[in-house]
Every structure is written in C-alpha cells, then in structure tokens.
Amino acid sequence: TQRDERRTHVLMRSSEASAGSKPVRGFTLIELLVVIAIIGVLSSVVLASLSTARTKSRDVARVATVKQIGNGLALYQLDLNDYPPIAQNECGGTEGYTIASNDFMCSLVTGRYLSSFPVDPGNLNCGIQYVRDSASSYRLFYRLEAGATPPSTGCNQPPTWYCVQP
C-alpha cells in the first residue's frame, strides 16, 4: 500500500545517509572565527558605553554632593552668621578644605546641617574643595570626570574646576 511505500522510502533515505552518500555539513573554522570576532566587537562597544555611563553617573552624584554641601553651609551660616573656618589645604593650590578632611565636614555633620558625611563618588583626590572667603562668602570647587570645560563663573576657579558660591 501507499503507507508501506512511504515507510520504505524513508528507511532507504536514512540508510543512504548513514552509508556516507550524503555527508552532513557543519560550520567551518572560518565561519566560527568570524562569529566570535563579531561577538567580540559588539561586546567591546557595549563595555565602552557602560564606562561612559558610569563616568556620567559619578559626575551627577558629585554635583548632587556639592549642592548638599552648599545647602548645609547655607543653614550653618543662617544659624551662626558665619561659615566654617578653613585650615591648611591637603591638596596644594587653593587654600581650603577638601571633603576628605573630617575637620571641615565635622562641624556641618555634628551641627546637623548635613545628615551624613558626603563622599566623593569617584574617589578623586581633592575632587571637591571648600574655601571660606569671609563670614558671608564661600566657594566650593569641584571637578567632573567627563572632561567638559567649566564656564567662567567669576569666582577665580582654576581652568578645569567648576565653582559654586552663594
């Protein structure tokens, strides 16, 4: 019958394939190497964009930290009619405190002007600096990792530093 003929035909094909008349073709070494190279290029592009995103997120966190310190300084000045004094700068250059200096931040945290000690997200050496100009004026200097040129704000900052003042 017709069903038996189909079964015989299928069995013949499978036996012919196993006998070696039609070899099963796989991927060549070149094809595999090309696929691996494409995957490598795509992964390097993704990793580079992730690195840029991390840098930008640290910069956003650093700007938020500077705003937090500025708000704490404003509250300190409202209560005491003065800004915290400065001491010897640990980084050289501009006289003032860095946020790595516990003495400066201690007066803001213990006075409850800041809820906790702010930390520079990128661990840049001297990434944020404070300078007290007078009882009614201060400057906060900070650098960003993204490499943008800061605008001139009239507070005599070094060329690669941003500046905030009241």
Side-chain angles (χ1 to χ4, degrees), residues 27-166:
F27 294 109
T28 65
L29 181 61
I30 298 295
E31 290 170 335
L32 290 174
L33 290 175
V34 167
V35 169
I36 291 170
I38 290 171
I39 291 171
V41 168
L42 290 175
S43 66
S44 67
V45 167
V46 168
L47 288 177
S49 65
L50 284 177
S51 174
T52 303
R54 285 186 188 128
T55 300
K56 288 180 181 180
S57 69
R58 283 192 302 267
D59 284 348
V60 167
R62 190 171 289 112
V63 170
T65 300
V66 168
K67 287 180 181 178
Q68 179 186 7
I69 294 170
N71 290 339
L73 287 169
L75 293 172
Y76 185 97
Q77 205 274 338
L78 283 173
D79 284 350
L80 304 174
N81 288 332
D82 200 0
Y83 287 110
I86 62 171
Q88 183 64 34
N89 184 6
E90 299 170 355
C91 300
T94 308
E95 286 187 18
Y97 280 106
T98 66
I99 66 166
S101 173
N102 289 336
D103 295 337
F104 159 61
M105 297 309 296
C106 187
S107 60
L108 294 178
V109 174
T110 58
R112 300 200 186 268
Y113 301 106
L114 292 178
S115 61
S116 64
F117 186 78
V119 177
D120 185 33
N123 293 323
L124 287 178
N125 186 23
C126 305
I128 301 172
Q129 292 186 352
Y130 162 77
V131 176
R132 179 187 178 272
D133 295 321
S134 67
S136 62
S137 178
Y138 72 89
R139 291 176 285 161
L140 283 173
F141 296 105
Y142 63 99
R143 287 189 278 196
L144 298 180
E145 294 178 61
T149 304
S152 177
T153 58
C155 65
N156 299 323
Q157 78 262 31
T160 59
W161 292 74
Y162 288 80
C163 180
V164 174
Q165 59 187 4

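Side chains included, hydrogens not; waters and symmetry mates left out as well; all remaining heavy atoms used. Residue numbers run from 1 in the order of the sequence given.
How far CZ of Arg54 is from CD of Glu145: 12.0 Å, rounded to the nearest 0.5 Å.
Considering every non-hydrogen atom in both Glu31 and Phe27, the closest pair reads OE1-CA, 3.3 Å. Among all heavy-atom pairs drawn from Ala135 and Tyr83, the shortest one is O-CD1, 3.5 Å. The two residues Pro166 and Tyr138 make their nearest non-hydrogen contact at CD-O, 3.2 Å. Residue Leu108 comes nearest to Gly72 through the heavy atom pair CD2-O, 3.8 Å, listed as atom of the first residue, atom of the second, then distance. In terms of heavy atoms, Ser115 sits closest to Gln68 at OG-NE2, 4.3 Å.
Using a cutoff of 4.0 Å between basic side-chain nitrogens and carboxylate oxygens, Asp59 and Lys56 are not scored as salt-bridged.
At distances below 3.5 Å, at least one donor-acceptor pair connects side-chain atoms of Ser43 with backbone N or O atoms of Gly40. The backbone N or O of Leu47 sits nowhere less than 3.5 Å from a side-chain atom of Ser51 that would complete a donor-acceptor pair.
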Would you check, one step at a time, whether the test side-chain contact (heavy atoms from CB on, under 4.5 Å) holds for Tyr113 with Asp79? CA-CA 10 Å; Tyr113 301 106; Asp79 284 350; 2.9 Å; yes
Please walk me through it: do Leu140 and Leu73 pass side-chain contact (heavy atoms from CB on, under 4.5 Å)? CA-CA 10 Å; Leu140 283 173; Leu73 287 169; 4.3 Å; yes
Leu75 vs Asn71, side-chain contact (heavy atoms from CB on, under 4.5 Å): CA-CA, chis, key distance, verdict: CA-CA 6 Å; Leu75 293 172; Asn71 290 339; 5.5 Å; no
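Under the 30°/60° scheme for interplanar angles, the aromatic rings of Tyr142 and Tyr162 are found to lie parallel.
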